[in-house]
Trainee: 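Pasting in a structure now, in C-alpha cells, and then I'll have a few things to ask.
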Amino acid sequence: MRQYVYGVAHFARWTHRCRVGVRDFADEIVQRFIEEHLPRCTCPSPVQRCRHQVRAALRQLLIMLDDADALIGSRRPDAVEDQLERFDTHMHQARGLAETTRVRRLSVVRSLLRFCIAGDADSDATTTPSADELRRFIARELSRVSPASAGSLAGALRGYLRFMALSGARVDHLLPVIAPPAHWRLAPLPQTLSLSEVTRLLDAFPPDLPSHLRGYAMVRCLVDLGLREREVVSLELDDIDWEAGTLRIWKGKSRRVDVMPLPQTTGGAIAAYLRSERPTTVNRCVFVRHVAPLEEPIRPDVVRNTVRQAYLRCGLPYTRVHILRHTLARRLLETGGTLKEVADMLRHRALDTSMIYAKVDVGRLAAVAMPWPGSAA
C-alpha cells in the first residue's frame, strides 16, 4: 500500500507540473509518465520509480476515479455490457464453460450487438438480430478470420441465440443462417518445433531476466508434459507428489483427474522456482504473481506472454503456445511411441483426437508409402 501511495503521489506531482487536470487522466497520460518521466526522473524521495509498481498503482487510481465519475470518459450504464453480463452468467452457471471460452464468445457477441445497434438506431442490446443483420455480420467476420476460427464464431453465435431463446425470443429461423465454411480438421499438418528449436527456447531464460525461474519452469511444463495454459496456472502445491514423482492434473479441459509422471528436469525447474524466486504467500498455486496483488495466482495470459517473449528472444518465428503440445506428440512418435500413448500423454478422451499426429510420424509413413508412379523402384 505504501509503494502504491508513493507511485500515485509521484504521478500527482508530475501532472501538477504539466498542468494536467484530474478529469483529463487517461491511459495515454499514464503512459507518458512511465515512458518519458520515469527514465530520467530526479524527483526527491520518497518516490516510486519501479515501472511495474507505478503502472499497477495508476491502473487502480484510474479505476477508482472512473467509478466515481471523476473522468471525462467515465463509464455510463451500457445496455450491451448488461446483456453480455447476463449471457456470461448463463454460460458459467448453466453451461459450465471455461473462462477462456466465455471470454472468446463474449467478444464475438459484443461485436454482433454493436454491429446491430450501429445499423439500426432503434435497436437495443436485448433485441433479437434479424436474419439479414446476422448474414451481414457473419460475412464481415469471415472476411478477416481463418476457416478454423470460423467454427468458434459459429459456436458463439449459436450459443447466444439459444440463450435468447430461453428469454422467450424466437430464433429458430436464425439458426440455419449460421453455417461455418467447410474446414477439414485433419487437413493441415500440425506445426511443431525441431529439437534444436526446443533447446533454443529453453535457453531463452538468462539469469538477468525478471522472473526467469518462473518462466523457465512454466515452459518446462509445456514442453515436457504438454500441459495447456490453463492447466499450468491451475497447478497447486498439493498436486505435486515429490516422493512418488507424480503430478496431478484435475483442472483440465476434460474435467477429470489425471496423474502424470513428473520428469526430473520439470520437477527440478519447479523446485528451483519454489526455493529461490516464488514470493512468500498463502496462495497454494505453484505459479503466483510477482507484483501486487501477490496473493493472486497468475492468469493464462502470463503464460502466453512468457512463451511469446521467449520466441522473440531466441529468434523463432512462432507465437502460439499450443505448438509445444504438438511438439511433444511428435517427439513421442519419433522415439517409438504409439498414437495411444500420445493420446494418454495429452489426455485426449478419444483416440480420434490424436489421429492428426499420424501425419508427422514420417518414419512409419515411409514404411507404408507406395512408390511414386514413374519413379525408380
Side-chain angles (χ1 to χ4, degrees), residues 51-52 100 146 148 188-235 240 245 247 249 260-278 286-291 298-337 339 341-342 345-347 354 356-366:
R51 295 162 64 96
H52 294 297
T100 51
S146 66
L189 280 172
Q191 194 175 29
T192 61
L193 274 64
S194 65
L195 181 59
S196 62
E197 288 176 330
V198 172
T199 302
R200 288 167 56 187
L201 177 66
L202 294 173
D203 290 340
F205 295 92
D208 58 341
L209 185 72
S211 304
H212 72 283
L213 293 178
R214 184 184 69 180
Y216 179 73
M218 291 191 301
V219 171
R220 288 244 64 126
C221 291
L222 298 168
V223 170
D224 299 336
L225 299 172
L227 299 187
R228 302 177 179 90
E229 302 160 23
R230 172 64 60 180
E231 292 166 346
V232 172
V233 302
S234 299
L235 285 178
I240 304 176
L247 183 69
I249 308 296
M260 305 178 62
L262 181 64
Q264 185 175 359
T265 52
T266 314
I270 295 176
Y273 166 66
L274 295 177
R275 291 193 184 105
S276 306
E277 193 177 87
R278 187 177 185 269
V286 173
F287 301 109
V288 296
R289 291 171 55 90
H290 289 184
V291 296
I298 61 171
R299 296 178 63 83
D301 62 294
V302 175
V303 180
R304 286 193 294 271
N305 292 336
T306 298
V307 175
R308 288 170 181 171
Q309 291 167 8
Y311 284 148
L312 289 175
R313 286 194 299 271
C314 62
L316 294 178
Y318 307 113
T319 57
R320 297 178 62 233
V321 179
H322 209 72
I323 295 176
L324 302 180
R325 275 176 68 84
H326 297 329
T327 302
L328 175 62
R330 179 176 182 175
R331 188 165 70 245
L332 289 173
L333 292 173
E334 289 178 345
T335 54
L339 284 176
E341 292 171 341
V342 170
M345 189 68 184
L346 299 183
R347 287 156 286 112
S354 307
I356 190 172
Y357 298 118
K359 293 186 172 188
V360 299
D361 193 0
V362 179
R364 292 191 177 102
L365 288 176

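No experiment lies behind these values; they were computed from the predicted model shown.
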Trainee: Surrounding CZ of Arg230 (heavy atoms of other residues, nucleotides or ligands, distance under 6.0 Å), is the total greater than 12?
Mentor: yes
Trainee: Would you please name every residue forming a salt bridge (Lys or Arg N to Asp or Glu O under 4.0 Å) with Arg289, sequence neighbours left out?
Mentor: none
Trainee: What pairs with Arg320 under side-chain hydrogen bond (donor to acceptor under 3.5 Å, both in side chains), at least two apart in sequence or on another chain?
Mentor: none
Trainee: Among side-chain atoms of Gln191 and Tyr318, is any donor-acceptor pair under 3.5 angstrom?
Mentor: no
Trainee: Could you tell me which residues satisfy side-chain hydrogen bond (donor to acceptor under 3.5 Å, both in side chains) with Ser234, sequence neighbours excluded, listed by chain and number?
Mentor: none
Trainee: Look up atom CZ in Arg214 and atom CD1 in Ile298, then write down how far apart they are to the nearest 0.5 Å.
Mentor: 5.5 Å
Trainee: Show me the donor-acceptor pairs, under 3.5 Å and distance only, between side chains in residues 302-310 and residues at least two apart or in other chains.
Mentor:
| unit_1 | atom_1 | unit_2 | atom_2 | d |
| --- | --- | --- | --- | --- |
| Arg304 | NH1 | Glu229 | OE1 | 2.7 |
| Asn305 | ND2 | Asp301 | O | 3.1 |
| Thr306 | OG1 | Val302 | O | 2.7 |
| Arg308 | NE | Thr319 | O | 3.2 |

Trainee: For residues 203-213, tabulate all N or O donor-acceptor pairs below 3.5 Å that involve a side-chain atom, not counting sequence neighbours.
Mentor:
| unit_1 | atom_1 | unit_2 | atom_2 | d |
| --- | --- | --- | --- | --- |
| Ser211 | OG | His290 | ND1 | 2.8 |
| His212 | ND1 | Pro207 | O | 3.4 |
| His212 | ND1 | Leu209 | O | 3.4 |

Trainee: Please report the closest heavy-atom contact between Thr327 and Leu193, naming both atoms and the distance.
Mentor: OG1-N, 3.0 Å
Trainee: How many angstroms lie between atom CD1 of Ile249 and atom CZ of Arg228, to the nearest 0.5 angstrom?
Mentor: 10.0 Å
Trainee: Once side-chain hydrogen bond (donor to acceptor under 3.5 Å, both in side chains) is applied, do any residues pair with Arg278, and if so which ones, sequence neighbours excluded?
Mentor: none
Trainee: Report the residues that fulfil side-chain contact (heavy atoms from CB on, under 4.5 Å) with Pro263, sequence neighbours left out, ordered by chain and then residue number.
Mentor: Asp224, Leu225, Thr265, Thr266
Trainee: Identify the heavy atoms of Val232 and Phe287 that sit nearest to each other, and give their distance.
Mentor: O-CD1, 3.6 Å
Trainee: How many angstroms lie between CD1 in Ile240 and CG in Leu262, if you round to the nearest 0.5 Å?
Mentor: 6.5 Å
Trainee: Please list, chain by chain and in numerical order, all residues satisfying salt bridge (Lys or Arg N to Asp or Glu O under 4.0 Å) with Arg313, sequence neighbours excluded.
Mentor: none
Trainee: Looking only at non-hydrogen atoms, find the nearest pair between Val223 and Arg331 and report the distance.
Mentor: O-NH2, 3.0 Å
Trainee: With rounding to the nearest 0.5 angstrom, report the OG1 to NE2 distance, Thr192 to His326.
Mentor: 9.0 Å
Trainee: List the residues meeting side-chain hydrogen bond (donor to acceptor under 3.5 Å, both in side chains) with Thr199, not counting sequence neighbours, and say none if there are none.
Mentor: none
Trainee: To the nearest 0.5 Å, tell me how far Arg347 CZ sits from Leu227 CG.
Mentor: 5.5 Å
Trainee: Work out which heavy atom in Arg220 is nearest to a heavy atom in Ala269; give both atom names and the distance.
Mentor: CG-CB, 4.0 Å
Trainee: Does the side-chain contact (heavy atoms from CB on, under 4.5 Å) test come out yes or no for Leu324 and Leu328, once each step is laid out?
Mentor: CA-CA 6 Å; Leu324 302 180; Leu328 175 62; over 6 Å; no
Trainee: What pairs with Thr335 under side-chain contact (heavy atoms from CB on, under 4.5 Å), at least two apart in sequence or on another chain?
Mentor: none
Trainee: Can you measure from CD (Glu197) to CG (Leu201) and round to the nearest 0.5 angstrom?
Mentor: 9.5 Å
